[in-house]
Amino acid sequence: MTREERIVKVLEDKKAVNVEVINLLNKDYIVDFVVIATTLNAKHGFALLNYLKEELKPSGEEFLRVDENDDWTVIDLGDAFIHLMNEKTRDKYSIEEFLSELETKKEG
């Protein structure tokens, strides 16, 4: 199971909604992939963060930085970001759309 699959499994098992993985390996962006999931409410977002830590830290995953509030939690894993957002915030910022418009890396 890949890292992305493990992250998605934890989120889906704990009732996150509309979980999406965006592969950015060939894009001009600071991480290799982004996982975005919709939370049901603020408590659910905080619980998802704790479930991710419980499941991923034993396998050596490092949570380099976590920025959290009631609407949106961003988890920095170094080469990946996880965004846990309530539905209103996810609709407002439409990160998927932004990431889909990134330019492909230039070779050389």
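As the structure is a prediction and not an experimental result, all values here were calculated from the model.
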Which heavy-atom pair separates Met85 from Ile36 by the least distance, and what is that distance?
SD-CG2, 4.1 Å
Can you name the nearest heavy-atom pair linking Leu84 to Leu49, along with the distance?
CD1-N, 4.0 Å
Quickly, which of Val8, Asp32, Asp79 forms a side-chain contact (heavy atoms from CB on, under 4.5 Å) with Arg3? Name it, please.
Asp79
Under a plain distance cut-off of 3.5 Å, with no hydrogens placed, do Arg6 and Ser59 share a side-chain donor-acceptor pair?
yes
Does Phe81 form a side-chain contact (heavy atoms from CB on, under 4.5 Å) with Ile75? I'd like the steps, not just the answer.
CA-CA 6 Å; Phe81 290 151; Ile75 304 162; over 6 Å; no
Can you measure from OH (Tyr29) to CD (Glu103) and round to the nearest 0.5 angstrom?
14.5 Å
Could you check whether atom CD of Glu87 has more than 12 heavy atoms from other residues, nucleotides or ligands sitting under 6.0 Å from it?
no
Within a reach of under 6.0 Å around OH of Tyr93, are more than 12 heavy atoms found that belong to other residues, nucleotides or ligands?
no
ILVMFWY cluster, Ile30 and Phe98 together (side-chain gap under 4.5 Å)
yes
Could you tell me which non-hydrogen atom of Leu52 sits nearest to which non-hydrogen atom of Val10, and how far apart they are?
CD2-CG1, 3.8 Å
Kindly indicate, with the supporting measurements, whether the criterion side-chain contact (heavy atoms from CB on, under 4.5 Å) is fulfilled by Val66 and Thr73.
CA-CA 7 Å; Val66 176; Thr73 299; 4.0 Å; yes
Non-hydrogen side-chain atoms of Leu56 and Phe63 separated by less than 4.5 Å
yes
Taking the side chain as C-beta and beyond, is there a heavy-atom pair between Val34 and Val21 under 4.5 Å?
no
So Ile7 and Ile82, do their side chains get closer than 4.5 Å, heavy atoms only?
yes
The criterion is side-chain contact (heavy atoms from CB on, under 4.5 Å); which residues satisfy it with Thr104, sequence neighbours excluded?
Lys27
Search all heavy atoms of Ala16 against all heavy atoms of Leu48 and return the closest pair with its distance.
CB-CD1, 3.9 Å
Distance check, rounded to the nearest 0.5 Å: Lys9 atom NZ versus Thr2 atom OG1?
13.0 Å
Please round to the nearest 0.5 Å and tell me the distance separating atom CG of Asn26 and atom CG of Leu102.
12.0 Å
Evaluate Glu96 against Arg90 for salt bridge (charged side-chain N to carboxylate O under 4.0 Å, His left out), listing each step before the verdict.
CA-CA 9 Å; Glu96 297 94 329; Arg90 187 167 177 175; 2.5 Å; yes
Can you tell me how far apart CG (Leu99) and CD (Glu20) are? Round to the nearest 0.5 Å.
9.0 Å
Please report the C-alpha distance between Leu77 and Glu61 in whole Å, then the side-chain angles of each, then the deciding distance to 0.1 Å, and finally whether the side-chain contact (heavy atoms from CB on, under 4.5 Å) criterion is met.
CA-CA 7 Å; Leu77 301 177; Glu61 197 71 66; 3.9 Å; yes
Of all heavy-atom pairs between Phe33 and Asn23, which one has the smallest distance, and what is that distance?
CB-CA, 4.3 Å
Salt bridge (charged side-chain N to carboxylate O under 4.0 Å, His left out) between Lys43 and Asp70: does it pass, once the steps are laid out?
CA-CA 8 Å; Lys43 282 186 179 180; Asp70 287 350; over 6 Å; no
Write down the atom of Leu11, the atom of Ala37, and the distance for their closest heavy-atom approach.
CD1-CB, 4.0 Å
Taken to the nearest 0.5 Å, the spacing of Thr39 OG1 from Lys14 NZ works out to 16.0 Å
Taking everything shown except Glu62 itself, do over 12 heavy atoms lie less than 6.0 Å from its CD?
no
So with a 6.0 Å cut-off around CG of Asn41, is the heavy-atom count from everything else above 12?
yes
As an exercise, state the distance from CD1 of Ile95 to OG of Ser100, rounded to the nearest 0.5 Å.
12.0 Å
Any ring-ring contact (aromatic ring centres under 6.0 Å, His included) pairs touching residues 41-62, not counting sequence neighbours?
none
